[in-house]
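Along the sequence shown, the residues carry numbers beginning at 1. Remember, predicted model here, so these are calculated numbers, not experimental data.
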Amino acid sequence: MKKPVLLSVVFALLLSLAFPAHAVTQGSGTLITAGCSLPEILVTVPNSDQIFLNPYQIPIEIDGTMSSQQIVFTPVAMENKSEVPLAVTMTVVGNVNPESTLRLLSYSTREVDTNRKYVFLYCELHAASSMDAVVWDSKYNEDIHAPVLDGREVTRRNVITLSQADQQNHFGVFRLTGDCTPNPTDPWSEDTDTIDVKIAFSFKPLEREIS
């Protein structure tokens with residue numbers, strides 16, 4: 001972004017050196033206007049998806065895939081179609097159904113010996129060349145993963161860099177994962193134990209990659 005402006009300044013200096021020394025005293029001069037050229041930022045991001053709480057770890061089929069995880073979510077991807085790389089910041093927030101007694105935690109429910117209805121949910125994001133090329137982290141990392149909390153936004157800045165459209169790793173693949181209390185005293189309910197999760201992404205253009 002700075003390079004066009006710097007080139008214009010250098011060009012102006014070269015022009016002034018080319019004029020005779022008396023040109024300035026006679027009122028002659030050259031006016032150069034430095035413009036600003038910005039890249040077009042174009043990223044496709046999925047609008048919505050579904051996540052399922054599966055506390056009893058019963059095998060269920062989602063989009064043709066069987067899973068017995070406590071948090072079942074089919075990973076989805078954004079795609080950078082811009083001519084420059086992008087640094088990605090993500091912000092997540094949850095909203096628990098007011099009729100539910102569940103509570104969202106910022107750490108694993110396996111770290112708590114309790115019979116209360118707890119859910120640990122977080123968003124994980126990786127740059128990849130395709131959906132199938134992602135290697136998910138083996139455990140939660142609070143520096144790069146964003147926990148979903150009730151009514152409270154959590155932001156992780158510059159989590160990944162998406163390559164420009166003509167390079168590898170221009171996909172950003174993300175998922176929601178975590179765990180929950182398997183057998184709380186207050187039984188799980190399909191009617192009331194629901195959570196709405198909003199994930200927002202912001203993008204900062206970086207210097208273009210040269211092959």
Side-chain angles (χ1 to χ4, degrees), residues 41-55 57 60 62-63 65-82 85-98 100 102-112 117-163 168-182 188 193-206:
I41 305 303
L42 179 59
V43 184
T44 58
V45 181
N47 289 327
S48 62
D49 212 321
Q50 285 187 307
I51 183 171
F52 297 91
L53 300 179
N54 184 26
Q57 296 187 274
I60 58 176
I62 304 295
D63 296 332
T65 301
M66 298 296 298
S67 176
S68 58
Q69 299 295 316
Q70 287 191 318
I71 307 297
V72 182
F73 181 82
T74 302
V76 290
M78 66 182 78
E79 181 181 2
N80 182 17
K81 297 183 177 181
S82 313
L86 302 173
V88 183
T89 291
M90 66 176 174
T91 299
V92 302
V93 62
N95 287 286
V96 176
N97 184 342
S100 174
L102 75 82
R103 177 185 171 191
L104 290 171
L105 300 182
S106 60
Y107 48 88
S108 175
T109 61
R110 294 164 187 164
E111 299 178 13
V112 184
K117 193 182 295 183
Y118 287 156
V119 176
F120 172 54
L121 190 63
Y122 66 91
C123 186
E124 178 180 354
L125 171 65
H126 292 279
S129 58
S130 69
M131 287 282 293
D132 299 329
V134 178
V135 178
W136 299 108
D137 296 332
S138 60
K139 60 182 180 180
Y140 174 69
N141 184 335
E142 64 179 2
D143 293 329
I144 58 176
H145 302 153
V148 179
L149 301 179
D150 189 15
R152 175 181 156 194
E153 292 186 349
V154 177
T155 298
R156 295 292 181 262
R157 301 188 181 282
N158 303 325
V159 180
I160 62 167
T161 297
L162 295 179
S163 296
Q168 294 289 318
N169 295 336
H170 66 281
F171 289 95
V173 186
F174 59 96
R175 68 170 181 171
L176 289 167
T177 187
D179 52 65
C180 56
T181 309
W188 289 98
D193 292 330
T194 59
I195 310 168
D196 288 332
V197 180
K198 294 181 180 179
I199 308 174
F201 301 99
S202 58
F203 309 95
K204 181 176 69 176
L206 304 173

Output, in order, the C-alpha distance, side-chain angles, deciding distance and verdict of ring-ring contact (aromatic ring centres under 6.0 Å, His included) for F174 and F201.
CA-CA 11 Å; F174 59 96; F201 301 99; 5.1 Å; yes

Establish, yes or no, whether a centroid distance under 6.0 Å links the rings of Y118 and F120.
no

In this structure, are over 12 heavy atoms from other groups packed under 6.0 Å from Q57 atom CD?
yes

Does N47 have more than 12 heavy atoms from other residues, nucleotides or ligands lying within 6.0 Å of its CG?
no

Evaluate the side-chain proximity of [Y] to [X]: yes if any heavy-atom separation is below 4.5 Å, no if none is.
X	Y	result
V119	T109	no
P46	E79	no
C123	H145	no
V76	V45	no
V96	L102	yes
L162	V88	yes
T89	V159	no

Distance-only, no hydrogens or angles: does the [X] side chain make a donor-acceptor pair with backbone N or O of [Y] under 3.5 Å?
X	Y	result
W188	K117	no
Q70	P55	yes
N80	V43	no
S82	L42	yes

Within this structure, what is the [atom1]-[atom2] distance for the pair [X] and [Y], rounded to the nearest 0.5 Å?
X	Y	atom1	atom2	answer
I71	Y122	CD1	OH	10.0 Å
H170	K81	NE2	NZ	8.5 Å
R103	T181	CZ	OG1	10.5 Å
L121	S106	CG	OG	12.0 Å
T91	I199	OG1	CD1	10.5 Å
I51	I195	CD1	CD1	7.0 Å

Please tell me whether H126 and E124 have a donor and an acceptor in their side chains that are separated by less than 3.5 angstrom.
yes

Could you walk me through whether Q69 and F52 pass the side chain to side chain contact (heavy atoms under 4.5 Å, CB included) test, one step at a time?
CA-CA 10 Å; Q69 299 295 316; F52 297 91; over 6 Å; no

Partner of S129 under side chain to side chain contact (heavy atoms under 4.5 Å, CB included), chosen from V173, V134, N169
N169

Show, in sequence, the C-alpha distance, side-chain angles and deciding distance for I144 and D137, and conclude whether the side chain to side chain contact (heavy atoms under 4.5 Å, CB included) test is met.
CA-CA 10 Å; I144 58 176; D137 296 332; 3.8 Å; yes

Check against side chain to side chain contact (heavy atoms under 4.5 Å, CB included), N158 and K204
CA-CA 8 Å; N158 303 325; K204 181 176 69 176; 4.0 Å; yes

Apply side chain to side chain contact (heavy atoms under 4.5 Å, CB included) to residues M90 and T155 and explain how you reach the verdict.
CA-CA 6 Å; M90 66 176 174; T155 298; over 6 Å; no

Identify the heavy atoms of G151 and V93 that sit nearest to each other, and give their distance.
C-CG2, 3.9 Å

